[in-house]
Every structure is written in structure tokens, then in C-alpha cells.
Amino acid sequence: MQRITKQSIKGVGMTSQRTRDRLVDRLMQKGISNPDVLRVMRLVPRHLFIDEAMSSRSYEDAALPIGYGQTISQPYIVARMTELLLQHVEQPENVLEVGTGSAYQAAILGGLVKNLHTVEVIPELYRHSRDILYQLGYRNIRTHLGDGSWGWQDAAPYDGIMVTAAPQEIPEALIQQLKIGGCMIIPVGAQKDTQRLKIVIRQDEEKVKITESEAVLFVPLVNTQ
Ligand code: SAH
């Protein structure tokens, strides 16, 4: 892991604030408009969440490999999913992310919500995410190792849940861990077919309202049930 210093957070050349600002301009052109989301996207040093060998590509609007067959999501998708969540839950106090991966999405959410719990199933990625979030000073994010298709019962219920790997169907456990009125953003579908982002609102004990948003491409959500 890269050593985190004031200088490395600041970045230089392709990892500088100017480069990051250009990415945010591109996100605005693509339709991201929530000022809080744009502010945090401008702040979080994405180059520290990927391998140093690829840092010159950190501020391209692209998904990049992070090892173990996984990827860090495309910045536009990170921004879009965050914006969708905030559109439905104004000031989230307790949020769950499933699929910590690089921890970039977690850091973005960590800058916007009171408490974030994030679950990762691959031990190496879990350990790495815990270290980087700690070094960057996030004290409102709790990282967990486990199969997040079961959610994270200990800290439930959640105002918001964001899933960053795609199941074939929405896991029932996640719906059960949403507060009434809470919202889940989740990609659903097999990779070879069209995956779509779904917005799930828990209306009462039994009822959920599901609407579809754009087509996406996420790695499959592993299910160890
Ligand atoms: N949010 C991440 C995206 C990572 S890709 C980021 O910003 O980088 C999806 C991640 O979900 C991978 O790290 C993968 O290991 C993890 N994953 C897949 N199935 C999972 C499950 N059942 N529980 C928890 N994590 C899972």
C-alpha cells in the first residue's frame, strides 16, 4: 500500500487537484448536479484507492482493476448512485454499502452521511480498505468482512443501502434491513444481459416500490448462502 502523506493526498500532475477538477467538470456535463456530491468528488483523492502503477489514469471516468478480479467503479456511476440515494433520503444517518472493494465509494459516502457500514467478502480487499480509510482519517466508516447479501444485521436498520455488485435478484435480507421510508440503490441482473440500477423504497412492513434507472455493468454479487 502507498504511504499516505499530505503530499501524496495533494497529488501532482495527473493526480493533482486540477485533474480532479476536470473530472468533476465532466461529471457535471454528464448530468450530475447535486452540489454535495460534486463537492465530495472534488475532495476525495481517487488516486490513493488504486495501484500506484495506474495512478495516471485515476481521474479518467473509467472503471479500473483493483486485483482479485474486481474493479473500482467508474466515477460517473459512483456519483450517480450517490446522487440517487441522497435524492430519496435527504440526510442519511445510518447507511450500509455492500461491496467495499477499493473503498472509494465508501469514502465518497463517508463524506456525506453520518455513519457508514461497509461489507466486503474478499479478506485482502477488506484489510486494505480498513487501512486506507483509517489513514485518510474517516472515523465514521466501519468496515466489515463477510457476505453482504445478508446485509449487516448488527447495525440495522438503515436509512440507505448501496450495493456495488450485482445479484440476479434483490436479496430479501437487504430489504428487511431497510427502515420504513428507506432507500436502496442496487444493480440487478447477470453481466451478460443488461443490468439495471434499481431504486427500492421500503414503503411499509411488506411493501416496496421499485423503479428502474440506467443500465450498468457491475461484477456479480457473490452469494455464499
Ligand atoms: N464500491 C467498490 C466497487 C467494488 S467492485 C469501489 O468503490 O471500489 C464490487 C465489490 O463487491 C468487490 O470488491 C467484490 O469482492 C465485492 N463483493 C461481491 N460480492 C459480495 C458480497 N456478497 N458481499 C460483500 N462484498 C461482495
Side-chain angles (χ1 to χ4, degrees), residues 2 4 8-88 92 95 97-113 116 118 120 125 128-129 132-133 135-138 141 143 160-166 185-187 191 195-199 213-219 221:
Q2 310 177 41
I4 310 281
S8 70
I9 293 174
K10 197 160 166 266
V12 60
M14 290 307 280
T15 61
S16 66
Q17 187 62 52
R18 259 188 55 213
T19 316
R20 204 139 70 214
D21 288 345
R22 275 204 296 271
L23 169 64
V24 173
D25 290 345
R26 227 168 305 140
L27 297 179
M28 288 165 74
Q29 283 160 19
K30 287 186 174 177
I32 304 297
S33 61
N34 182 313
D36 294 324
V37 174
L38 293 168
R39 174 176 53 79
V40 192
M41 296 290 298
R42 216 179 276 284
L43 279 176
V44 176
R46 189 172 187 252
H47 61 279
L48 298 180
F49 293 83
I50 59 180
D51 195 278
E52 218 170 345
M54 273 185 308
S55 52
S56 67
R57 301 193 54 198
S58 313
Y59 299 103
E60 290 175 14
D61 190 17
L64 294 168
I66 54 171
Y68 312 96
Q70 307 303 326
T71 53
I72 179 172
S73 307
Q74 178 195 354
Y76 169 76
I77 294 296
V78 171
R80 180 71 184 132
M81 288 174 78
T82 310
E83 185 171 76
L84 282 172
L85 187 72
L86 295 182
Q87 213 171 302
H88 292 89
V95 172
E97 182 199 22
V98 176
T100 318
S102 68
Y104 176 66
Q105 172 78 74
I108 296 289
L109 284 169
L112 293 163
V113 310
L116 178 73
T118 179
E120 171 58 49
L125 290 176
H128 184 264
S129 69
I132 182 133
L133 291 170
Q135 285 204 55
L136 287 173
Y138 291 93
I141 304 178
T143 51
I161 299 181
M162 185 181 290
V163 184
T164 64
I185 309 293
I186 181 168
Q191 240 177 349
Q195 271 175 23
R196 282 202 167 267
L197 272 188
K198 297 205 176 186
I199 303 160
S213 189
E214 55 237 74
V216 283
L217 193 59
F218 278 90
V219 297
L221 183 78

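Hydrogens, waters and symmetry mates are skipped; everything else that's a heavy atom, side chains included, is used.
Shown here are the side chain to side chain contact (heavy atoms under 4.5 Å, CB included) partners of Ser16, two or more places apart in sequence or in another chain: Arg18, Thr19.
Distance check, rounded to the nearest 0.5 Å: CG of Leu38 to OG of Ser33 gives 7.5 Å. Atom CE in Met41 sits 8.0 Å away from atom CD1 in Ile32 (nearest 0.5 Å). Note: Ile185 CD1 to Ser213 OG = 8.0 Å, rounded to the nearest 0.5 Å. If you take CD on Gln135 and CD1 on Ile4, they are separated by 5.0 Å, rounding to the nearest 0.5 Å. Annotation: the span from Ile199 atom CD1 to Leu84 atom CG amounts to 4.5 Å, rounded to 0.5 Å. Atoms CD1 and CD1, from Ile72 and Ile77 in turn, are 13.5 Å apart once rounded to the nearest 0.5 Å.
The side-chain heavy atoms of Arg22 and Tyr59, taken from C-beta on, include no pair separated by under 4.5 Å. Counting heavy atoms from C-beta on, the side chains of Leu221 and Ile186 never come closer than 4.5 Å. The closest side-chain heavy-atom distance from Leu86 to Pro92 is below 4.5 Å. Glu97 has its side chain within reach of Thr164: a pair of non-hydrogen atoms, C-beta onward, lies under 4.5 Å apart. No side-chain heavy atom of Thr82 sits under 4.5 Å from any side-chain heavy atom of Val40. No side-chain heavy atom of Ser129 sits under 4.5 Å from any side-chain heavy atom of Thr118.
Pairs engaging residues 34-46 under the salt bridge (Lys or Arg N to Asp or Glu O under 4.0 Å) rule: Asp21-Arg42, Asp36-Arg39 [sequence neighbours left out]. Identified under the side-chain hydrogen bond (donor to acceptor under 3.5 Å, both in side chains) test for residues 65-75, with sequence neighbours left out: Asp61-Gln74.
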*asked:* side chain to side chain contact (heavy atoms under 4.5 Å, CB included) for Val95 and Leu112? Distances and angles first, verdict last.
replied: CA-CA 10 Å; Val95 172; Leu112 293 163; over 6 Å; no
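Residues Gln17 and Arg20 have side chains that bring a donor and an acceptor to within less than 3.5 angstrom of each other.
Nearest heavy-atom pair, Met54 versus Pro65, reported as atom, atom and distance to 0.1 Å: CE-O, 3.2 Å. The nearest pair of heavy atoms linking Ser8 to Leu48 is O-CD2, 3.9 Å. Taking every heavy atom of both residues into account, Ile141 and Gly110 meet most closely at CD1-CA, 3.9 Å. The minimum heavy-atom distance between Leu116 and Ala106, with the atom names listed, is CD2-O, 3.4 Å. Here the shortest heavy-atom pairing between Pro187 and Gln195 reads CB-OE1, 4.3 Å. In this structure, Ile66 and Phe49 approach most closely via the heavy-atom pair CG2-O, 4.3 Å.
Residue-environment remark: NZ (Lys10) stays at or below the threshold of 12 foreign heavy atoms within 6.0 Å.
Within the 3.5 Å criterion, the main-chain N or O of Asn34 finds a donor-acceptor partner in the side chain of Glu83.
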